[in-house]
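So the structure is just underneath, and the comments pick up after that.
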There are 2 protein chains.
Amino acid sequence: MRESQEYDKYAHEPFAVTVDLAVFTIRDGALHVLLVERGQEPYAGQWALPGGFVLPDESAESAAQRELAEETGLADVSGLHLEQVRTYSDPGRDPRMRVVSVAFAALVPDLPEARAGGDAAGAAWLPYGPAAYRPLAFDHDRILGDAYDRIRAKLEYTGLATAFCPPEFTLGELRQVYEAVWGAELDPANFRRKVVGTAGLVEAIPGAARLTGGRGKPAALFRAGTATALHPPLLRPTPEGPSS
Amino acid sequence: MRESQEYDKYAHEPFAVTVDLAVFTIRDGALHVLLVERGQEPYAGQWALPGGFVLPDESAESAAQRELAEETGLADVSGLHLEQVRTYSDPGRDPRMRVVSVAFAALVPDLPEARAGGDAAGAAWLPYGPAAYRPLAFDHDRILGDAYDRIRAKLEYTGLATAFCPPEFTLGELRQVYEAVWGAELDPANFRRKVVGTAGLVEAIPGAARLTGGRGKPAALFRAGTATALHPPLLRPTPEGPSS
DNA sequence: CCAAAAGTGTTCAAATTACACCCATGA
DNA sequence: TCATGGGTGTAATTTGAACACTTTTGG
């Protein structure tokens, strides 16, 4: 009970509070995640999620923003999607001391600069999935998995997918986001109708059309809408067995 | 960066880590929340969410379970639904010191014992909503609101509603859960078809039928199914403007 | 008998699916 | 002109909403 406890700041062994970031992007039609290579023990040489301490005068959200800017090299991250996933607090999750970590998921468009800025031994965008960079340091495999589950689910019932896109994008690019995250193909015709017909998801830009980079008819440009919740949701093709 | 920081445990002013619980139940067809009355400053005399410190050798989840058992008076809370909502870390959210709080939402069936056990000045089940017990202490209004939003949303696409019910329940009781949380009436006929037709949501119990406590045809008993995710979701009636 | 709740059946509208088909462009 | 992706049309199917109706109990 908070009521029955003393507020002696030094009564217990102190907790350190950190943030860990799962930063996702779509590159070459596949979901990628930003990882850093650890330069020192424990877990030296292994990949880990970027992160760092929450400073005494900032919130976890501020710390996450700060780290995101550092790692991506972007001056302004205020427009990026950054959301809390959950907090990891198992004793012993860091062998050095008691560390409670608040995990965040960030969604960024494919960045012009190929690599992450920063200070760690190395940083790289690596394709998400059961890959060569596992296992990650600490409990970061679990954190990364939880973050992925969150964004995969949120694509269905929010307009989150636009957070992966630049300010102006084509519906083909938006569809690639869904296909990359869900690992499933979507019918372009039906996808267009659904997205355009869902109020607040995207809005057309009156201006001209753009070429997708290669052949094909130039596609119209859209920008993200204002809707956060989608009713009805944009369901992904049956992920498991029959439901009825 | 974690890499570039020393692990001096006492380098910074320490963080305290607490848990706060939003414990919900359905009582008399309405959603209720368990609140405690603060006996001391700050916020003496105001209602607050139950909660307490995370001890040095336990996780936030363990602390939440411990608190839940204390507050509800139940010896075994392992079967209850308890999930993390998010973590609140604004500097200054507690005037006494730097407190980072991990918030949980708990769902319990209507308890035989009317009141919460425990130690605080007072504890009570109060109807959820804009009510006389506001504002809550600290940032608990916001925490409670976030917890409510979470469970309301999760009813749609998970089998969470059964967590409000006793081990064996009728479909009328389950429907009351949805109606109480969503604040909307559902068609009993269509609700039954949807729930029974969704694989893994509920399963029939071969045994006899039960009377609902009053008049009406005796209802069949069901128990919770094993499904966590619902495809397709159980949509609630349009909460806002038209979507297409 | 009447009210109330469980449970079944039926109907109509709306959404989803699976395509066929045309358009505009780069190679 | 051909391949490619954008965009529109449309019919078959499925799902969902609305509501009439029967069943079984308590009062």
With sequence neighbours excluded, residues passing side-chain contact (heavy atoms from CB on, under 4.5 Å) with A/Ala161
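Counting only residues at least two positions away or on another chain, A/Ala161 forms a side-chain contact (heavy atoms from CB on, under 4.5 Å) with A/Leu155, A/Leu174, A/Val177, A/Tyr178.
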By side-chain contact (heavy atoms from CB on, under 4.5 Å) - contacts of A/Glu185 (at least two apart)
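Partners of A/Glu185 by the side-chain contact (heavy atoms from CB on, under 4.5 Å) criterion, ordered by chain and then number, come out as A/Glu179.
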If I take atom [atom1] in residue [X] and atom [atom2] in nucleotide [N], what distance separates them, rounded to the nearest angstrom?
{"X": "A/Phe191", "N": "D/dG7", "atom1": "CZ", "atom2": "C1'", "result": "14 Å"}
{"X": "A/Leu235", "N": "C/dA15", "atom1": "CG", "atom2": "P", "result": "13 Å"}
{"X": "A/Leu174", "N": "D/dG7", "atom1": "CG", "atom2": "C1'", "result": "16 Å"}
{"X": "B/Glu173", "N": "C/dA5", "atom1": "CD", "atom2": "P", "result": "13 Å"}
{"X": "B/Leu234", "N": "D/dG16", "atom1": "CG", "atom2": "P", "result": "9 Å"}
{"X": "B/Leu221", "N": "C/dA6", "atom1": "CG", "atom2": "P", "result": "12 Å"}
{"X": "A/Phe222", "N": "D/dG6", "atom1": "CZ", "atom2": "P", "result": "11 Å"}
{"X": "A/Lys194", "N": "D/dG9", "atom1": "NZ", "atom2": "P", "result": "20 Å"}

What pairs meet the salt bridge (charged side-chain N to carboxylate O under 4.0 Å, His left out) rule with one or both residues in residues 187-200 of chain A, with sequence neighbours excluded?
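Residue pairs with at least one partner in residues 187-200 of chain A: there are none.
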Can you list every salt bridge (charged side-chain N to carboxylate O under 4.0 Å, His left out) pair that touches residues 224-235 of chain A, not counting sequence neighbours?
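Counting only pairs at least two positions apart or across chains, no salt bridge (charged side-chain N to carboxylate O under 4.0 Å, His left out) contact touches residues 224-235 of chain A.
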State which residues pass salt bridge (charged side-chain N to carboxylate O under 4.0 Å, His left out) with B/Lys154; sequence neighbours excluded, sorted by chain then number.
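Result, salt bridge (charged side-chain N to carboxylate O under 4.0 Å, His left out) vs B/Lys154: B/Glu83.
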Summarise how protein sits on nucleotides 19-27 of chain D as a single string, 5' to 3': B when a protein heavy atom is under 4.0 Å from the base, S for sugar-phosphate-only contact, - for no contact.
B---BBBS-
Quick one: does any side-chain atom of B/Trp47 pair with a main-chain N or O of B/Ala137 as donor and acceptor, under 3.5 Å?
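Looks like no, no N/O pair under 3.5 Å.
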